[in-house]
Amino acid sequence: MNAIIKNPLALAGLIIIGVISMMAIFAPCIAPYDPDAINVKNILLSPSSMHLMGTDGLGRDVYSRMLFGARISLLVGIVAVGIATIIGIVLGAIAGFYRGWVDTVIMRIVDIMLSIPTFFLILAVIAFLTPSIWNIMIVIGLTSWMGVTRLVRAEFMSLRNREFVLASQTLGAKDSRLIFKQLLPNSLTPIIVSSVLGIASAVLVESGLSFLGLGVQAPQASWGNILTDGKEYIEFAWWLSMFPGLAILITVMGYNLLGEGLRDALDPRTSNNK
Amino acid sequence: MLKYLINRLFWMVPLLVGISLISFLIMHLAPGDITATEASFNPKTSEESRQKLRELYNLDKPVIVQYGLWLKRMSTLNFGHSFASHQSPVFWQETDKEGNVTKGMIQEALPITLLINVLSLILIIGLALPLGVISALTQNKLPDRSITIFVFIGFAIPSFWLALMLMYWTGVSHNWLPISGLHTLGAEKLSAFAQLLDTLKHLTLPILISGLTGLAGISLFVRNGMLDVLHQDYITTARAKGLPENTVVYKHALRNALLPLITIFGLSIPGLIGGSVIAESIFAIPGMGKLFYDAVLMRDFPVIMGILTIGSALTLIGNLLADLAYAWADPRVRKGVSQ
Amino acid sequence: MVNQPKSMMKKLNRLIGISITILLISCGQQKNDPTANLNQPYPSQSGGALVDAMSGEPSGLIAMMAGESSASAIASNIFNSLLKYDKNLELTGELAQSWDVSSDQKTITFHLKPNLKWADGHALTSDDVLFTWKTVTDDKTRSPYGADYKLVKKAEAPNPSTFKVTYEAPYAPALDSWSGLHILPKHLLQGQDINNTSFSRNPVGSHYYQLDQWKKGESITLKRNPNGTQGQAKIDRLISRIIPDRAAQFLELMADNIDSMSLNSIQYARIFPARPDLTAKIAQYKELGNSYTYLGFNLKRKPFDDVRVRQAINYAIDKQEIIDGVLLGLGLPVASPYKPGTRWSNPKLQPYPYDPQKAIALLKEAGFEDHDHDGILDKDGKPLSFEILTNQNKEREMSAVLVQRRLKEIGIDVKIRVVEWATFISRFIKTGDFNVVLLGWGLGLEPDQFNIWHSSQQAPGQFNFIGYHNTHVDQLLEAGRLELNPDKRMKIYHEFAEVLLADSPVVYLFAGYGLPAINKRVNGIDDPAPPAGIGHNSYEWYIPAPLRRNEMSAE
């Protein structure tokens, strides 16, 4: 924790994430208008004291939609990464701990998954299931577990033969105890780093999917679909693209800075303590 | 070494079959087929003609049977024809009895995507190397911090937003670059050099946008690799020996830090043929990404399978090449394997 | 240690500097002379090129085979049909100079104009028409449009300038069908497999233009056809660039790289008026659109089988609000499936007014009240709640949101689901697995609506997917097909529209305007647009020499 505070970039990342998460959590209290409140007399108003971020094509307040959109974008990120991480930990632990044919099978599955373009999987599954927040989260989760698996497996493999593990084994500890009490806690660093970076990625993927029409659907607001709605008016109604664009940019940067900062801080080789 | 190579090549075939089977099944998960397009929802069209089309393309048979038929065709490397534009061959051109050549869809889309991706990769490496080295050498000081922020911005910015803003700035506000497409109208009348310049101008923004995302990853990678290496004992030894800083950094540290980069090259080979759907849509570039996206929306199965098969084959080959290259480049691995 | 970064930095800076210089030096194309006045009158003259954009690429240029709108748009410049619609949407001859209908109304004889030629100089005769008919009705031809032509019992070409078709029974939509069939050259296609012929990518037609160049994925260029059967167009070349993204299209329009684009309501009503630099060089036009948007009920499901529920929903929706909100006022409400102002549209019919009280009363009659006071109407313990399905279309999505709000106000709980097209058709429409859809139909010039409303057309894959069954309407639709006299026909379809409106199997939402924007260099456009739209005389449009784009020239 100290290391993070000492690293100004990571600290900045933490602050950014903190602020945005607070705004997302308290959205219903902060938002001046109902994000779904249509007002056809107020279409595409530029930012003013009445509407801090202007209004969109149906007269809805962009600021309120951005706040609720923050919830969606962050939710998508966290749940998707959660799914990917859980799958990754389970598979990676099994592969790294037991080795042998289990390991080979799992790694081959990882190889196959990496060979099929992620985008195709997402497209096909969403086309089949119809786009909705849950489907998007599940799909992103199901297509990004491979990296975590490899990380966990690598950690387990290297930790497995350390003395403290061998010692416990000699004392007769059960496998599950070894995995949960000793190996997993020591592998947490790369998992945390990868999760943080994964959330950033998921937010970007959602905006890309929105551009293609496969992201979170109307009338629900997400940063991705507000940005896409505004793309045809990019210099006329600049607020429709500038604010979500900046929001995505700052949020993703925040997560990246925090993730890289954590990696720097917790990785003994690259820290400055020499 | 040879045994290892043969082993990997041997496993490629069942792996490819497995991947193609999974892809085929996923493809058929999505409801609808080529007869469910917007054009076919015209009250003047008849359902019986659609049914005939389904029968012609074997779409009414069970999925496994369809897969078997496809596999049979693939065994002779016949990628088939697109469902959407009936006579377009999926992969390579064909000549009919009158000598008219119809080019293959992948044959036409692949070179464009390859060009953009290769140039983009060159741009990334060209920028990422120096940026990563500078970052490592000035760890935690201002240059490192600003470079980190810069590459992170490049990674974090939604690409289509940046693309549109750049298109507006360079194409509408100022007349510096073309906005979309590959060639200016009438470009074929120009000299070869002028045409080349014209194409490069059109590709400038797409290459920039494609490369920006990778820049963050690679420069960070170089930075961390360099930091790893710079803290090793042998570097301290080299400095203690009194070697000039230049030699220490470039001859010893950089070379060793770059070894993992070779793996990255190998792993990015499949990425070379997958164009970005978003960039290609915005810049009106007829590449592999757009081809794939349109095929998925239209359920054009032969095209989808063609692209996936080629992609997976290239991925497997790329992985193999990366592993081999790493093994060759890293003397520790080389010596170890031959024992 | 401190020296290294500096030299690296210097190298980097130099590299960046060189790249920027290269970019700046290779300036853009020479733009047109800015002093040429766009607003002064110019005499009609030949030459120049019109550049427009299309979102998709045609799969081929034989319209009967390729279904996309981009294919028929380009093919319509290359090929002729026997008949066409004039500026007032009346049928007139294109290849035919006149036609006679026999007294039993079963035979139509077309008299072709004299001295017709194909672009390659070959003579165009009734043999070509007969060949085309044979091709489109051939079982081996994979065209979905054959149904109309298969009703012809006998087709003959007794002499090179006469084409005669005889139907089993009088078929009123016949004449319209002959305005939609592009006549193909027998001398080039005989013996070819129409499904796979290279002619599709290299067609030879007879209209104002012929194919000059097709750059796959990039653009299609048409050039003037000196043998055009209808005369000579003024503009030398038509270039269609393939630009899939609408935002990119708009940027190209602003940068003067394309001449025409169809705008959406916001661009037309908000962006252009606020940008004098745009209105100075680009002219905006407004024309009757070609489609209407509707809310369709699945009549086979409760509670939509109850006409009171359907009418209630009709009363509960404020259609003017949708037109104002979604189209910014650039559309018309409709009360029948026909273009307002045309003969087939019944002028006496009015759309259901916005009357939420009446809606609530009707629902109460049908048994729906808020018995449990949760804000949602219910009947027999089940709440009145359903999902509106629509495809990925901004206008439809926005309309759905407005519909949802108005229905919520009277106590109907509506959810919106946006589905990708192919999934929409196969998973929901074909299987009949939906409650309410928000879609559109074309506003055809031919009044026959058999395929959409007749009770015999309800099989999966057919177009009466909402399950409408009204015997009176069935009879009217059948009668309409047999009656060739336009006035009598008009009465039939007016009555049809009246019954349909009362039954309210769908709620007509709006018919939007077409909003083309065309660079002012293009002169000769009819403004205000006649019923057929501004494109009716596109062959008379011209680009004066001082305003033409500087073309690339060999150096």
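Proteins come first, then strands; the chains are lettered A, B, ... in the order of their sequence lines, and each starts at number 1. Worth knowing before you read on, the calculation uses all heavy atoms, side chains too, and leaves out hydrogens, waters and symmetry mates.
One finds the CD atom of A:Glu260 at 4.5 Å from the CZ atom of B:Phe152 (value rounded to the nearest 0.5 Å). The CE atom of A:Met253 lies 11.5 Å from the CZ atom of B:Phe155; values are rounded to the nearest 0.5 Å. Atom CZ of residue B:Phe160 and atom CG of residue A:Leu227 lie 3.5 Å apart, to the nearest 0.5 angstrom.
When all heavy atoms of A:Leu249 and B:Ile153 are compared, the pair lying nearest together is CD1-O, 3.7 Å. Between A:Gly245 and B:Pro158 the shortest heavy-atom distance is O-CD, 4.0 Å. Minimum heavy-atom separation, B:Ile278 to A:Gly208: CD1-CA, 3.7 Å.
At a 4.5 Å heavy-atom cutoff, the contact between A:Leu246 and chain B is made by backbone and side-chain atoms alike. When heavy atoms are compared at a cutoff of 4.5 Å, B:Ser281 approaches chain A solely by way of its side chain, counted from C-beta outward. With a 4.5 angstrom heavy-atom cutoff, B:Thr148 touches chain A only via side-chain atoms. Residue B:Leu16: no heavy atom, backbone or side chain, is found under 4.5 Å from chain A. Looking at B:Ile22, the atoms closer than 4.5 Å to chain A (heavy atoms on both sides) all sit in the side chain, from C-beta outward. The parts of A:Ile248 that come within reach of chain B are both its backbone and its side chain, each placing non-hydrogen atoms under 4.5 angstrom from that chain.
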